Amino acid sequence: MSEERSLNFLEQIIEEDIAKGIHGGRVHTRFPPEPNGYLHIGHAKSICLNFGLAKKYNGLTNLRFDDTNPITEDTEYVDSIKADIRWLGFEWAEEHYASDYFEQLYEFAVALIKKGLAYVDDSTPEEIAAMKGTPTEPGKESPYRSRSVEENLQLFENMRNGMYKDGERVLRAKIDMAAPNMHLRDPLMYRIKHAHHHRTGDKWCIYPMYDFAHGQSDSIEHITHSICTLEFVPHRPLYDWFIDKLEIFPSHQYEFARLSLNYTVTSKRKLKQLVSDGIVRGWDDPRMPTLSALRRRGYTPASIRAFCERVGVQKRDNIIEVGLLEYFIREELNRTANRVMAVLDPVRLVITNYPADRVEALQAENNPEDASAGHRTVPFSNTLYIEREDFMENPPKKFFRLAPGQMVRLKYAYIIKCDSVEKDADGNITTIYCSYLPESRSGGDASGISVKGTIHWVSAAHAATAEVRLYDRLFKVEDPGNEEGDFKSYINPDSLQVVSNAYIEPALASAKTGDRFQFLRKGYFCVDPDTTTGKLVFNRTVTLKDTWAKEASKGEKAKA
RNA sequence: UGCCCGAUAGUAUAAUGGUAGUACGACAGAUUUUGGUUCUGUUUGUCUAGGUUCGAAUCCUGGUCGGGCAACCA
């Protein structure tokens, strides 16, 4: 008995098309990135959509690189894009490049010239812009608009043969300079760029514009449903016009609202700036919303897919709360990540009535959500490190952790009671002295005492160390792209906090790059590729939900 | 002020002429050897004015608000 899930608008369109027998019920989509940057979480939505739709309706999805602008594109990006799509869990049917179609597109252009539907314009970029008109005023026809077919054919061939400099001439479609839709005012089809292309090398010096490449590429591949984002809606009449005039396979374009996340930016231009300005350490800096960064941070493909599924697909602009993404990774890691203990901000704790030469190997369950995860042993001794924030000299009412005279349980171990503290000259606590209840050992507690709080710890003599990188949101404001001034002025200065010497339980010393753990009470962490044999580096993927922190900050606000 | 797109709780998303529901969040409580998890409960919504209809979030009209469009970018 499966739950009835309603169809999104694209699924409705596809089901109607299948019912009507359009294209024989065939569904073929494509994912068309431009190789000029790394994929981000917004692309994940598009990938899940295009591949997901095809899968649902027994269709296929092509990967096609929209590489019509040699200036900005690079194979580095091609490789990262392919890796990211596969990491997300999808495999394309065919791999194509718009540049593979350059010859065919050239022939299409020639065909339009022959039909009297395209012409070579000698105007300068400035003149062309001036003749475009404005949204409220019609444009003016170019003086070159009425050239003969023969002349256009010759000039276009000359363009191809490199007889002109960059910007000297363009090929334009002859449509309507008074069209209310600006994109129909004789749009450019080809421009001259004497530039090296990452795939075609120096073979071409004219390159098709997006509008003259995308729809035709879809058509060549017999794409049935060409799905793109909302900003291309006004391009659709042009998309249809070229296909109609060329009399080629009628692909159709459908548009959905792109995904935006709050407290971040998802504009390739802005992301690139963060990288080139050194604000982050690279495209895969774990604070970035790129897929490579999310991967490095510890996000799983399944959590991102679940997120994309959940946010749905619609035509209204939206900004999703990052909290939703965090929910999905917590949800998965809670089920799958082994628990371990790590102390990030240590303070020494000595159990005065525990023999100094004694070491116990305590049993610790790896994952309370998964019995099959088994157990490990954790060494216990009289000198431990605990989290500095787990002790307060003058605790507020509902503070269930350590305080003078107050008792807590050490996870997997004993109940202890704080007897005294030792401070340095500046008043900082250096050591907390406690006594333990020998009969309160975990698993065989005969003390009859129950305590409200349980804290994590590591044995000082047995602890290993690691660098731990704590991340917070990259921006201080919800929609940095829409704020006044430079978006970079809204960077959160505390987005990265490095703990260079965290104490971790010895079992963790053998962790490998990519391994994920829950640091008990602290969050989910993942071993970073910067890890070397001598030095472990962890990234905090996401914190645990922390109702105490919320409670405490409420108290702060009340005081203020 | 030309053309196009859109408007349902804080956020996102359903209801396709017939009881406005779900998820995340927030709030309250229970459980808990993680202030985690889990469970229970609560709160908050159809942009507006008309019209059609027995009945409108849904259809029609006007308005309001938001977004997009005038790159030899995609």
Side-chain angles (χ1 to χ4, degrees), chain A residues 5-8 12 32-34 36 66-69 71-73 98 121 124-125 128-130 132-139 166-172 178-185 188-193 206-207 209-211 213-214 228-237 255 257 259 262 268-269 310-321 323-328 330-331 334-335 339 341 365 368-369 398-401 408-413 415 440 442-443 445 450-456 518-523 543-552:
Chain A
R5 211 189 113 253
S6 51
L7 303 176
N8 67 47
Q12 287 179 31
E34 185 192 8
N36 69 342
D66 231 330
D67 55 352
T68 56
N69 184 359
I71 310 292
T72 57
E73 295 152 6
D121 195 333
T124 65
I128 289 178
K132 265 271 146 98
T134 69
T136 51
E137 294 165 282
D166 285 10
E168 242 175 52
R169 284 181 170 76
V170 290
L171 183 71
R172 302 177 70 177
N181 181 338
M182 299 291 291
H183 294 278
L184 262 17
R185 320 246 262 227
L188 271 57
M189 294 163 60
Y190 270 91
R191 74 296 213 188
I192 299 170
K193 276 182 195 283
I206 57 169
Y207 292 94
M209 299 288 293
Y210 167 84
D211 285 306
H214 201 102
C228 63
T229 44
L230 249 29
E231 68 269 27
F232 293 100
V233 170
H235 294 247
R236 185 171 1 110
E255 312 86 7
L259 178 152
N262 64 5
K268 265 195 264 184
R269 208 196 89 247
R310 188 66 206 156
V311 299
V313 37
Q314 251 305 330
K315 298 189 75 157
R316 44 177 176 258
D317 296 318
N318 58 82
I319 300 181
I320 314 282
E321 296 173 341
L324 190 63
L325 220 207
E326 294 176 345
Y327 164 80
F328 281 103
R330 285 196 188 104
E331 197 269 332
N334 176 53
R335 284 184 278 113
R339 273 61 170 171
M341 293 194 289
E365 69 180 337
E369 308 293 322
K398 285 190 276 184
F399 186 78
F400 302 142
R401 308 175 186 181
V408 287
R409 173 171 295 279
L410 293 170
K411 182 73 180 176
Y412 311 125
I415 292 173
S440 68
S442 279
D445 189 342
S450 73
V451 291
K452 278 265 193 177
T454 299
I455 62 174
H456 61 278
Q518 182 194 111
F519 287 2
L520 221 60
R521 305 204 304 136
K522 300 303 314 179
T543 60
L544 253 30
K545 285 212 286 185
D546 191 344
T547 33
W548 169 248
K550 211 186 293 180
E551 187 76 21

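Sequence lines set the chain letters: A, B, ... in the order given, protein chains first and strands last, and positions in each chain run from 1. Every value quoted in this text rests on a predicted model; they were computed, and no experiment measured them.
Contact annotation for Ser450(A): no contact, since no heavy-atom pair falls under 4.0 Å across all strands. Using a 4.0 Å heavy-atom cutoff across all strands shown, Leu259(A) reaches no nucleic acid atom at all. Among the heavy atoms of the strands lying under 4.0 Å from Leu324(A) are primed sugar atoms or P, OP1, OP2 only; no base atom is included. Residue contacts for Lys550(A): at a heavy-atom cut-off of 4.0 Å it reaches the sugar-phosphate backbone alone, with no base atom in range. Using a 4.0 Å heavy-atom distance criterion, Phe519(A) is classed as making no nucleic acid contact. Base contact: Gly443(A) has a heavy atom under 4.0 Å from a base atom. Residue Thr124(A) is classed as a base contact, given a heavy-atom separation below 4.0 Å to a base. Across all strands shown, Tyr327(A) has heavy atoms under 4.0 Å from sugar-phosphate atoms exclusively, and none from any base. Across all strands shown, Ile415(A) has no heavy atoms under 4.0 Å from either base or sugar-phosphate atoms. Among the protein residues, Tyr412(A) comes within range of the nucleic acid bases, having at least one heavy atom under 4.0 Å from a base atom. His183(A) comes within 4.0 angstrom of sugar-phosphate atoms only, judged by non-hydrogen atoms across all strands, and of no base. Nucleic acid contact class of Glu34(A) (heavy atoms, under 4.0 Å, all strands): sugar-phosphate only. If you check every strand for non-hydrogen atoms under 4.0 Å, Val233(A) touches sugar and phosphate atoms only. Among the atoms of the strands shown, only primed sugar atoms or phosphate atoms (P, OP1, OP2) are found under 4.0 Å from some heavy atom of Ile320(A).
Rounded to the nearest Å, the gap between the C1' atom of rU31(B) and that of rC39(B) is 8 Å. Comparing the same atom, P, in rC65(B) and in rC47(B) gives a spacing of 16 Å after rounding to whole Å. rG62(B) and rG67(B) are spaced 23 Å apart, taking the P atom of each and rounding to whole Å. Here, rC27(B) and rU33(B) have their C1' atoms 27 Å apart, quoted to the whole Å. Between rG17(B) and rA12(B), the distance separating the two P atoms is 26 Å to the nearest Å. Between the P atoms of rU52(B) and rC60(B), the separation comes to 15 Å (whole Å). Here the separation of rU46(B) from rA30(B), taken at their C1' atoms, is 35 Å to the nearest Å. Look at the P atom in both rU42(B) and rC24(B): the space between them is 16 Å, to the nearest Å.
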task: Using Watson-Crick or G-U wobble pairs with both distances under 3.5 Å, give me RNA chain B in dot-bracket, 5' to 3', with [ ] for crossers and | for pairs to another strand.
output: .((((((..((((....[..)))).(((((.......)))))....(((((..]....))))))))))).....
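Nearest-nucleotide mapping onto RNA chain B: of Met182(A) and Val311(A), the residue sitting toward the 5' end is Val311(A). Nearer the 5' end of RNA chain B, as judged by each residue's closest nucleotide, is the contact made by Pro180(A), out of Pro180(A) and Phe232(A).
Taking the side chain as every heavy atom from C-beta outward, Val311(A) and Leu259(A) approach each other to under 4.5 Å. Here the side chains of Met182(A) and Pro234(A) are not in contact, with every heavy-atom distance at 4.5 Å or above. At least one side-chain heavy atom of Met209(A) sits under 4.5 Å from a side-chain heavy atom of Arg191(A). Residues Arg330(A) and Gln518(A) fail the side-chain proximity criterion, which asks for heavy atoms closer than 4.5 Å.
A distance-only check finds a donor-acceptor pair linking the side chain of Asn318(A) to the backbone of Arg316(A) [under 3.5 Å].
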task: I would like to know whether Val170(A) and Ile128(A) meet side-chain contact (heavy atoms from CB on, under 4.5 Å); could you show each step before the answer?
output: CA-CA 10 Å; Val170(A) 290; Ile128(A) 289 178; 3.8 Å; yes
- prompt: When you look at Val408(A) and Ile415(A), which way does the side-chain contact (heavy atoms from CB on, under 4.5 Å) test go after all the steps?
  reply: CA-CA 6 Å; Val408(A) 287; Ile415(A) 292 173; over 6 Å; no
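Relative orientation of the Tyr210(A) and His235(A) rings is perpendicular, given thresholds of 30° and 60° on the angle between their planes.
Taking every heavy atom of both residues into account, Arg409(A) and Ser442(A) meet most closely at NH1-OG, 3.4 Å. The nearest pair of heavy atoms linking Ala98(A) to Thr68(A) is CB-CG2, 4.0 Å.
Around NZ of Lys452(A), the count of heavy atoms belonging to other residues, nucleotides or ligands within 6.0 Å does not exceed 12.
For RNA chain B, the contact window with chain A, defined by any atom under 4.0 Å from a protein heavy atom, covers rU1(B) to rA74(B) in 5' to 3' order.
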